[in-house]
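Everything on this sheet refers to the single structure shown next.
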Amino acid sequence: MSEEKTLQELREQIEQLEALNSRNGLDLSREIDNLTEKLAEREKDTKEKLEEWDKVNLARHPDRPGSEEYLDYLMEDFYPLHGDRLIGDDGALIGGLAKYNGETVMVIAQNKGGEVEQSQQSNFGMLRSEGYRKAQRLMKLAETFQFPVLTLIDTPGAYPGKEAEERNIGGMIAKSISEMVSLEVPTVAAVIGEGGSGGAVAIGAADRVVMLENSIYSVISPEGCAAILWEDRDKADEAARALKLTAGHAQDLGIIDEIIPEGGSGAHEDFETTADNLDHSLSNHLEELENYEEDQLLAKRRKKYRSIGSFKKVMKKEQS
Amino acid sequence: MSEEKTLQELREQIEQLEALNSRNGLDLSREIDNLTEKLAEREKDTKEKLEEWDKVNLARHPDRPGSEEYLDYLMEDFYPLHGDRLIGDDGALIGGLAKYNGETVMVIAQNKGGEVEQSQQSNFGMLRSEGYRKAQRLMKLAETFQFPVLTLIDTPGAYPGKEAEERNIGGMIAKSISEMVSLEVPTVAAVIGEGGSGGAVAIGAADRVVMLENSIYSVISPEGCAAILWEDRDKADEAARALKLTAGHAQDLGIIDEIIPEGGSGAHEDFETTADNLDHSLSNHLEELENYEEDQLLAKRRKKYRSIGSFKKVMKKEQS
Amino acid sequence: MPLFRDEEYLRVDFEDKEEKDEALWVKCKSCEKLIFKKKLQENNHVCPNCGGYFFLTAKERIKTLVDEGSFTDKTKRIESDDPLNFVDTQAYEERVEENQTETGMFDAIIVGRGEIKVNPLVLAVMDFRFIGGSMGSVVGEQIVNGIERAVEEELPFVLVSSSGGARMQEGLLSLMQMVKTASARDLLSREKLPFISVMTYPTTAGVQASIASLGDVIIAERGALIGFAGRRVIEQTIGEDLPPDFQSSKFALDHGIVDSVVERDSMRDELAGILDFF
Amino acid sequence: MPLFRDEEYLRVDFEDKEEKDEALWVKCKSCEKLIFKKKLQENNHVCPNCGGYFFLTAKERIKTLVDEGSFTDKTKRIESDDPLNFVDTQAYEERVEENQTETGMFDAIIVGRGEIKVNPLVLAVMDFRFIGGSMGSVVGEQIVNGIERAVEEELPFVLVSSSGGARMQEGLLSLMQMVKTASARDLLSREKLPFISVMTYPTTAGVQASIASLGDVIIAERGALIGFAGRRVIEQTIGEDLPPDFQSSKFALDHGIVDSVVERDSMRDELAGILDFF
Ligand SMILES: [Zn+2]
Ligand SMILES: [Zn+2]
């Protein structure tokens, strides 16, 4: 709102200057050019910010299709497996054996749940320790039988609960990452909605990572980031822009392998086109990965993650 | 008591018969012989029963040294490791890195605890799910670094609690057995007190299993067995005899590799001699096992457990 | 075509005896209605009136699962030799004989080769009637044999448990069957052959704490009892009553112990569906 | 003999600056007594009066651990290049520069080769002063470098964490450092080299949820804060206050998250003792 006001003010200023210009031999062109440039920049900024924030809203759209819908659509057959064999069965993580393009794959997917009741059961996609442990169990099972692992990421983050901390949720996320990155089968991860921080990357340490066009993937929620860095949760839109949490940025940073276009104005409007595109992408990646021997696969994966990061050499600089 | 009474009665009867015998030309020698034989049998029975039951009592003796004492005595150095990284740290299972004969070993030991307070903390040696999970963690750690695994068994059985069942204690025992029997390092288990059913065998699936002379190892507690089969917990002594739960029987059945003599009338009286004997045995077994390559070791272990069992061929028999 | 295609390891068919001994009608424990026995058999031993489950013998269980005529009994011709000379209120030797006579089985398990909706497999099924389905040397050996056969013929292995646990009367030898079966089970994974464990009423103690819990996929039949310690022992230990659904199939599912709870009528389809993935 | 034996990867010594800036006396937060700074340093930054812990910089931590003169700084000469052009209340680029000036460090970690009671090792120590010890591309890279050096020279790897988590200002790149470090960590196991993780105040969020939790042995310093989510976030979520010891070292030990809780004074002995086993 206040941003829009500023833009409006700038536009009016320019208009007034233009009206005054060339009259009485007055040359305001430099000032006009300056302001016009400023306006353009400001507009671009605003658009970007809106774009980022729009994507956050799209990624979280209540009608956005979730894992269950994609599995229903993409898998010829799906046999859900339950439980972590120790604590319980986490409704926020669905997983199991599936037939995909005629082959068996292990699916591990975060599940926000659609209806209100479902959402509560699945804890709005926020996994607990047992959810990550279940993911680890399914990964190891897949490895035993050499089934490729397909993960669908859609979580606001791991559940910030008392019990979760008592049950070492951080350690469980670490273990999931560690198991996944060492898994001796092809792995593909797709961010289909929210890729919320450590809770998401726990099942994202894959050979290939793809993102739906309007999904987000971030080190922290924009709200959390705004609260910490701006000390104001309402600056979430600004934080979203700063965090560069869209698929485009993720690709620019070299972290994801593909952006999957969504149909219409987003997956919630045109599910089928979106799911078909996802299907196409997953199939391609799996097919490519199956060309590699186990050790090639692991070597490639290690190399990939070894090289992620951005830094520069320190030049001789003065330090106290 | 009633057994003693019966014996007393028999003895008196024989005395009376002997007093009457040869008087007035009466020949009671056959009756006397019969009764004498009966008495002898009865006495032998009673002794055997007492022997088994005595061992049960010795194995459970409140002053019987526990894992902590043996570790203190045998290990040059011991660094306890804690926790299962998920639920908690089970005081009934102590474990960690130790130096033994100059080499690093992984020790996994059931801990009844000595003092009343300690005993409560260690739940009288009854492990919960997290205890078995901790055991699994330490086994895997040992495998990573190729440390031999040494387990000390001393438990009345796994903890029969509500939470334990909710946390799949049966499944955790199964997992422990499964991990241990597949472990790619030498493993030696010693029963030092009570080897109580599944809760004990969970850390007993070793290359070599030894038992202290007065320890017991059983599929079920004598009390539990008596309650089920005799429908009378007080028949525990009879059940103990029937179960053949002593070291001698275990050796006869081909299940353990060595009986370790205890000093004096038992480890509680002469700890040092007992511990020295244990030391000697463990050292020998470890030394022998270290001669094998990994795959030889595993093959031998599999063969050993493959062949445990006792049955006969069914002869052509009539069945309905 | 007979359901059981007997071969080399021909076992005595105990069908006749059952038919002889029992009436044409049985009473359902749940709804107390009298059910025509033939009808019950056709209905997977599920009460056609109320859906209640009747107890299944191993053989009956096999019938509910495999393709007609596909099952070949491969149970080894072995029986217990009473290694402990165990006597409680009855001598174990007698007890075994009695159970053999009553059930027509060598011990508490049948192992064979069969097909479930054309999926070939090795199937082992425990029988609770035989000394509580308890696992002693014979049951352990038969399970391992089944696993070895599966490995040899590259087949999946399915175990349907119905057992109170390890068999007390064989003492430590029974306890060791937990290790023996767990060790053999590993061979399947090494050969990438699936092991599906089906837990029915009851799957407890030494069996739940070993082979039954080591399935790649674990299925509970609705109405199963799944746990390690007995309800009464736990109640005595903790000094409080346990909820009625304690150690039920639903309880096991809720606590992450099993992958699914399945109706008896769907078990065959369920298994076929799972086998299809491997 | 100087504590830091600088070599090729010579880094600027920030000792002088500290000495200059600070008074000779500091006040203990726990007992409020004034402590002579030199005395404090000699005492592992533990208050000689009440035993309270003073905050440790990475360099100070290293001094409390390694044999005198044994440590060679191998921190790579790299710094953040602000890949996101991140600006919050301050531009990230500026923030980094400011932190570099204040700490004399390139980023939030020092990695080097040293000895603890004659046990050689690669030691990586985080510094909370540098943007909360947060892990971005540089910290991730330095950890991986340290691990690779350990593998190359067949040495144990010890990481002392003091970090609020992943660095927000590098967005997804920071998140990926969790995978990068976890992946590298595996190399140590493959070479049978131990990784000992020491958690100090604080070890939270993205660092606790990756490399720090993957130690073969995990030690918590007394007074550490160990957890994934922040206390306030959890309190808001569950709508109740958390106990004061929540996420403390003791809490972590009780819940099986760490192997032991160690006093700062004993940490050097503790590490030497553990290294001795490998
Ligand atoms: Zn009925
Ligand atoms: Zn003080």
Side-chain angles (χ1 to χ4, degrees), chain A residues 157-162 164-175 177-178 180-182 195 197-202 204-205 217-220 224-226 228-231 235 238-239 242-245 249-250 253 255 301-302 305-314 317-320, chain D residues 12 14 16-17 77-81 83-84 86-89 100-101 104 106 137-138 140-141 144 166-168 170-180 182-186 204-206 208-214 226-230 233-234 237-238 240 242 246-247 251 255-257:
Chain A
Y159 183 63
K162 180 165 174 277
E165 295 292 326
E166 287 167 349
R167 290 178 180 168
N168 195 18
I169 190 157
M172 282 300 112
I173 290 173
K175 187 93 191 292
I177 297 173
S178 166
M180 189 167 186
V181 83
S182 309
S197 75
V201 79
Y217 201 0
S218 181
V219 68
I220 187 170
C225 181
I228 296 171
L229 295 185
W230 280 264
E231 290 176 17
K235 295 264 164 72
E238 245 175 281
L243 285 166
K244 296 207 175 3
L245 40 59
H249 289 304
L253 291 168
I255 287 168
R301 195 190 301 150
R302 282 195 195 287
Y305 285 105
R306 175 67 189 84
S307 70
I308 289 184
S310 181
F311 45 79
K312 61 186 181 197
K313 252 190 118 56
V314 179
K317 69 153 77 173
E318 257 187 90
Q319 291 195 73
S320 55
Chain D
V12 178
F14 44 84
D16 292 340
K17 180 178 179 294
R77 288 182 64 87
I78 54 172
E79 63 184 355
S80 175
D81 62 358
L84 267 55
F86 196 97
V87 181
D88 51 89
T89 52
Q100 286 179 328
T101 311
F106 301 140
S137 296
V138 173
E141 178 73 14
V144 173
R167 185 170 296 172
M168 285 175 278
E170 293 181 27
L172 206 43
L173 282 165
S174 297
L175 192 67
M176 288 301 133
Q177 302 308 306
M178 294 171 70
V179 186
K180 178 170 174 167
S183 172
R185 182 261 171 276
D186 212 37
T204 56
Q208 199 255 336
S210 65
I211 188 69
S213 284
L214 295 171
I226 296 163
F228 181 64
V233 176
I234 300 170
T237 306
I238 63 173
E240 56 178 271
L242 293 165
F246 189 72
Q247 298 181 330
F251 174 95
H255 289 96
I257 296 168

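Not measured: the values here are computed from a predicted model. Letters A, B, ... are given to chains in the order of the sequence lines, protein chains preceding strands, and every chain is numbered from 1.
The part of I238(D) that comes within reach of chain A is its side chain, from C-beta onward, which places non-hydrogen atoms under 4.5 angstrom from that chain. Of the atoms belonging to V87(D), it is backbone heavy atoms, and not side-chain ones, that fall under 4.5 Å from chain A. The contact between Q208(D) and chain A is made by backbone and side chain atoms together, counting heavy-atom distances below 4.5 Å. Looking at V181(A), the atoms closer than 4.5 Å to chain D (heavy atoms on both sides) all sit in the side chain, from C-beta outward. For L245(A), no part lies under 4.5 angstrom from a heavy atom of chain D. Looking at L229(A), the atoms closer than 4.5 Å to chain D (heavy atoms on both sides) sit in the backbone and in the side chain alike. For K175(A), the part sitting under 4.5 Å from any heavy atom of chain D is the backbone (N, CA, C, O) and nothing else. Interface residue I308(A): backbone and side-chain heavy atoms are both found under 4.5 Å from chain D.
With rounding to the nearest 0.5 Å, the separation of CG in L172(D) from CD1 in I255(A) is 4.0 Å. With rounding to the nearest 0.5 Å, the separation of CD in E79(D) from NZ in K312(A) is 5.0 Å. Atom CZ of R167(D) and atom CD1 of I220(A) lie 14.0 Å apart (nearest 0.5 Å). How far CG of L173(D) is from NE2 of H249(A): 12.5 Å, rounded to the nearest 0.5 Å. In this structure, CD1 in I177(A) is found 13.5 Å from CZ in R185(D), a value given to the nearest 0.5 Å. For the atom pair CE (M172(A)) and CD1 (I257(D)), the distance works out to 9.0 Å, reported to the nearest 0.5 Å.
A pairwise comparison of heavy atoms in L214(D) and S178(A) identifies CD2-CB, 3.8 Å as the closest pair. Minimum heavy-atom separation, F86(D) to C225(A): CZ-SG, 4.2 Å. For the pair G198(A) and L175(D), the tightest heavy-atom approach, listed with the atom from each and the gap, is N-CD1, 3.6 Å. Contact between V201(A) and V179(D) at its shortest, heavy atoms only, is CG2-CG2, 3.5 Å. Heavy-atom minimum distance, A242(A) versus L84(D): O-CD2, 3.7 Å.
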Determine, step by step, whether D186(D) and R302(A) satisfy the side-chain contact (heavy atoms from CB on, under 4.5 Å) criterion, reporting the C-alpha distance in whole Å, the side-chain angles of both residues, the deciding distance to 0.1 Å, and the verdict.
-> CA-CA 10 Å; D186(D) 212 37; R302(A) 282 195 195 287; 2.7 Å; yes

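Under the 4.5 Å side-chain criterion, counting only non-hydrogen atoms from C-beta, I173(A) is in contact with M178(D).
Heavy-atom pairs under 4.5 Å with chain D peak, among G309(A), S197(A), P160(A), at P160(A). Contact count versus chain D (heavy atoms, under 4.5 Å) is highest, among Y217(A), Y159(A), F311(A), for F311(A). The candidate with the highest count of non-hydrogen atom pairs below 4.5 Å against chain D, out of M180(A), K244(A), E166(A), is E166(A). With chain A as partner, the option from F251(D), F228(D), F246(D) having the largest number of non-hydrogen pairs under 4.5 angstrom is F228(D).
Side chain of E165(A) to backbone of A229(D): a donor-acceptor contact under 3.5 angstrom is found. For R306(A) (side chain) and A184(D) (main-chain N/O), no donor-acceptor pair under 3.5 Å exists by modelled atom type. With S137(D) contributing its side chain and S310(A) its backbone, the two residues share a donor-acceptor pair below 3.5 Å. Side-chain N or O atoms of K162(A) include none that pairs as donor or acceptor with a backbone N or O of L242(D) at under 3.5 Å.
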